[in-house]
Amino acid sequence: MIKKAIETPKKLSFEQFKKEVLNDFKIALISRECSILGRKEALTGRAKFGIFGGGKEVPQLAMAKAFNKGDWRSGYYRDQTFMMAIGELNAQQLFANLYGDTDINQAPESAGRQMNNHFATHSLNEDGTWKDLMAQNNSSSDISCVAGQMPRLLGLAQASNIYRNVEGIEGFTKFSNKGNEVAWGTIGNASTSEGIFWETINAAGVLQVPMVISIWDDEYGISVPAKYHTTKENISEILKGFQRDENNKGFEIFTVIGYDYTSLVEVYEKAGRIAREEHVPVIIHVTDLMQPIGHSTSGSHERYKSKDRLEYEKSIDCNTKMREWILNYQIEDEEGNIYRFVEDESELEILEKEAKDETKLAKRNAWNSFKNPITKSGSELLLILKEVAKNSKNSVFINNLIDQFSSDEEVQVKTNLVYARKILRYLTEEDFTAKTTLQNWIKNYKAFYQNRYSSHLYSQSAKAAIKISGVNPIYDKDSSNVDARTILRDNFREIFKRYPESLIFGEDTGYIGDVNQGLEGMQNEFGEMRISDTGIRETTIVGQGIGMAMRGLRPIAEIQYIDYILFALQTLSDDLASLHYRSAGRQKAPLIIRTRGHRLEGIWHSGSPMSGVNTFLRGVCILVPRNMTKAAGFFNTMMESDDPALIIENLNGYRIKEKQPTNFGEFKTPVGVVETIMEGTDITLVSYGSTLKLVEDAAIQLKQFNISCEVIDIQSLMPFDLSNDIVKSVQKTNRLMVVDEDVPGGASAFIMNEILTTQNAYQYLDSKPVTLSSEEHRPAYGTDGDYFSNRSTEDIFEAIYQIMSESDPNRFKPLL
Ligand SMILES: Cc1ncc(C[n+]2csc(CCOP(=O)(O)OP(=O)(O)O)c2C)c(N)n1
Ligand SMILES: [Mg+2]
């Protein structure tokens with residue numbers, strides 16, 4: 001019996017220490033076994049692809065020890081051991097994810113939507129409401145693009161700063177305990193070459209956020225060794241300039257060997273403490289890691305690693321090293337008693353056998369859970385098909401397909417559907433009960449799985465943007481006309497008052513109140529934590545927003561001009577837009593991106609790349625208000641919603657006069673709803689943003705030529721005209737023109753497709769439907785550059801006149 005505590009990490013009694021070490025080792029063993037068996041599952045075809053965390057087990061055990069409830073992880077595909085060690089992943093779930101099980105209870109990461117080892121915990125209940133994030137370990141949902149986890153990591157960490165320092169949000173106890181939460185990032189050595197890694201590091205140093213970044217260094221990025229990736233082949237060496245000192249804030253940087261269990265535990269404990277207590281970011285460079293089974297199932301590393309290298313890697317395998325350490329460990333107390341973890345190797349062999357057996361069982365269970373519903377449906381289908389064959393004149397062909405179906409061993413939902421749908425084709429000329437049964441079976445089965453794969457692109461909760469009704473602005477009798485920017489400003493003031501969890505940040509957003517003064521005076525009123533300037537770094541501005549929104553705050557991230565959104569497009573598209581979808585509705589980031597665009601005059605500061613954002617950002621509401629009152633209304637709507645949104649203000653609209661409403665903070669522009677701003681009978685003109693003003697002017701001028709235009713403001717490109725109002729207009733006018741300032745075939749093509757084919761307007765047309773867009777090149781500089789690049793009122797006038805002239809040349813003689 002051990003009588004006294006001896007010197008062990010964390011001052012545990014020896015028995016506690018031993019228990020913890022052996023428990024850790026078992027997790028490492030199970031994790032390794034998962035990697036080995038998982039690889040086989042992919043190579044034998046049960047899984048499509050596999051990527052695993054073998055060779056990086058031990059440091060992840062240490063990281064898990066320093067991780068507290070309420071903390072966040074933002075990492076990548078190697079972290080299975082960590083997820084197991086914090087209790088958020090077991091072997092069965094790992095295999096369910098690998099098979100692509102669509103049952104979220106089996107495969108909680110993404111319910112079959114992502115490749116395996118893209119980890120996630122659930123922040124949301126099934127109805128989209130927040131869980132108590134302080135009562136659980138949190139992992140933000142991974143993305144495959146290496147380093148893509150970094151911008152979000154910044155925001156996850158920054159949320160702690162906000163919770164610690166901003167007044168009025170003390171009650172947000174589901175999300176934070178006075179900002180004591182750490183965001184833990186992981187990244188591979190090779191991925192540190194990505195620009196967003198450096199952008200995030202710099203921003204984290206400036207912002208002094210509680211993040212701990214682990215760099216798992218196995219000296220390779222797939223087949224490419226470190227000498228092609230990293231200057232001096234040493235990431236912590238080149239990061240040294242970020243080290244804090246007595247005079248300057250910065251990072252704390254540690255380097256630690258990846259198979260040295262006790263040093264790792266010590267370093268992680270220290271790192272966690274520094275980040276948590278001091279809100280200082282920490283980098284841990286974990287060296288001497290390796291890949292026991294190569295990079296992924298796409299290839300084998302024997303192709304590109306020399307024999308010597310492979311031998312060397314074996315010699316530094318962290319699991320083997322930990323095993324040796326356990327075996328050789330002994331400690332003596334003051335009375336000369338010797339303590340060991342195990343008496344001899346046989347104890348470890350038992351542990352190893354247990355790990356193997358448990359993993360095998362977990363794999364089998366996961367496979368059965370994946371397979372059973374599919375084969376069960378297959379059996380049901382088979383009965384229906386046999387009945388169909390009995391009744392059909394084409395039974396020879398059908399029986400042939402039934403035979404193929406019965407012997408088809410592929411376990412996929414697709415297999416069932418392929419045979420069912422092929423057999424249905426043989427029944428086009430026939431009518432009997434079994435046919436109806438088959439038709440219904442196909443419809444229901446397909447709908448069930450379609451939903452499993454396609455739900456939750458947008459919010460499905462009570463706060464979905466499309467469920468929030470519009471509220472009109474109210475005007476006094478003596479409402480005056482004011483500079484439109486002040487409408488935004490006064491509305492923002494109301495937002496910041498109503499939502500203490502709201503904040504806005506961006507380039508020139510804080511001190512001067514944005515480049516167009518839409519936030520004039522707000523920093524004075526609400527403080528620098530909430531209204532703040534950032535560095536020039538669009539991607540991490542968005543990352544701040546994503547991370548903070550995932551932790552219950554309501555950030556508004558400002559991208560100064562829409563032209564520069566391209567810098568952030570990767571993060572917006574890969575991370576923000578896909579978050580709710582890829583987590584099957586279990587994570588959300590209700591972030592608002594504020595930007596300004598359209599018409600200024602110059603290749604940049606003038607763009608309207610709407611087709612780009614509209615295509616890349618499915619999952620985000622794309623809102624294109626025609627004036628600042630409409631824009632303010634969209635901010636109010638989106639603050640009530642849990643969908644993310646991009647709101648594009650008109651760059652040339654800030655100094656235009658608009659009537660001042662009285663109900664700031666309350667009027668709401670509805671999402672997915674168009675507005676008819678001029679009624680007419682000859683042609684429907686559809687546009688959005690600043691072009692709309694030109695369309696309106698042209699329509700007024702055309703009145704004098706007896707051409708009556710109906711002008712519709714789209715307002716919301718995505719979602720688009722949910723009640724199909726545009727087709728109702730075309731039904732009346734029988735003519736259609738879409739005008740915008742994107743490239744030809746850009747957003748106008750999307751809009752035209754929606755109207756003609758989704759809304760079926762093609763059947764009401766008497767004239768060719770026309771799109772009028774800008775030139776293919778970017779808009780040239782100056783007034784004339786604009787005139788020759790974008791469409792002018794004259795262009796719009798003539799294009800409409802031309803349509804009318806073609807339909808009635810006698811009445812409308814050609815102009816040119
Ligand atoms: C942006 C991006 N580029 C390329 C890839 C393809 N890719 C996947 S993993 C990988 C290597 C990553 O190496 P490293 O960061 O060292 O991590 P490791 O796999 O070695 O742990 C590459 C190039 C990707 N997923 N994302
Ligand atoms: Mg690597």
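Read the numbers this way: they start at 1 and go in the same order the structure lists the ligands and their atoms.
- In D218, the N, O or S atom that comes nearest to the Mg ion (ligand 2) is OD1.
- Taking both residues in full, the closest heavy atoms of S140 and L156 are given as OG-CD1, 3.8 Å, listed atom of the first, atom of the second, then distance.
- The residues E352 and K356 are annotated as not salt-bridged, no charged nitrogen and carboxylate oxygen being separated by less than 4.0 angstrom.
- Between H295 and Y77, the ring planes lie perpendicular to each other; the angle is over 60°, past the 30° to 60° tilted range.
- Distance screen at 4.0 Å: atom 22 (C) of ligand 1 has a protein heavy-atom neighbour inside the cut-off.
- Taking all atoms of both residues into account, the shortest heavy-atom contact from Q291 to G294 is OE1-C, 3.3 Å.
- Under 4.0 angstrom from ligand 1, the non-hydrogen atoms of S144 all belong to its backbone.
- Protein heavy atom nearest atom 12 (C) of ligand 1, with residue, atom name and distance: Y77 OH, 3.5 Å.
- Remark: ligand 1 atoms within the under-4.0 Å shell around heavy atoms of Q291 are 20 (O).
- Between V146, I143, T186, it is V146 that holds the heavy atom closest to atom 8 (C) of ligand 1.
- Within the 4.0 Å heavy-atom criterion, the part of D218 lying near ligand 1 is the side chain and not the backbone.
- Using 4.0 Å as the threshold, W216 has no heavy atom nearer than that to any atom of ligand 1.
- For R113 and Y581, the positive end sits near the middle of the six-membered ring, less than 6.0 Å away and at most 45° from its axis.
- Every heavy atom of H229 sits 4.0 Å or more from the atoms of ligand 1.
- Short contacts between ligand 1 and I222, defined as distances under 4.0 Å to a heavy atom of the residue, involve ligand atoms 7 (N), 10 (C), 11 (C), 22 (C), 23 (C).
- What sits closest to atom 1 (C) of ligand 1 on the protein, heavy atoms only, is E194 OE2, 3.5 Å.
- Of the protein's non-hydrogen atoms, G221 CA, 3.3 Å is the one closest to atom 13 (O) of ligand 1.
- Within the 4.0 Å cut-off (strictly below), no protein heavy atom is located near atom 6 (C) of ligand 1.
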Please table the atom pairs, donor to acceptor, closer than 3.5 Å between any side-chain atom in residues 225-233 and protein atoms at least two apart or in another chain.
{"residue": "H229", "atom": "NE2", "partner": "V224", "partner atom": "O", "Å": "3.0"}

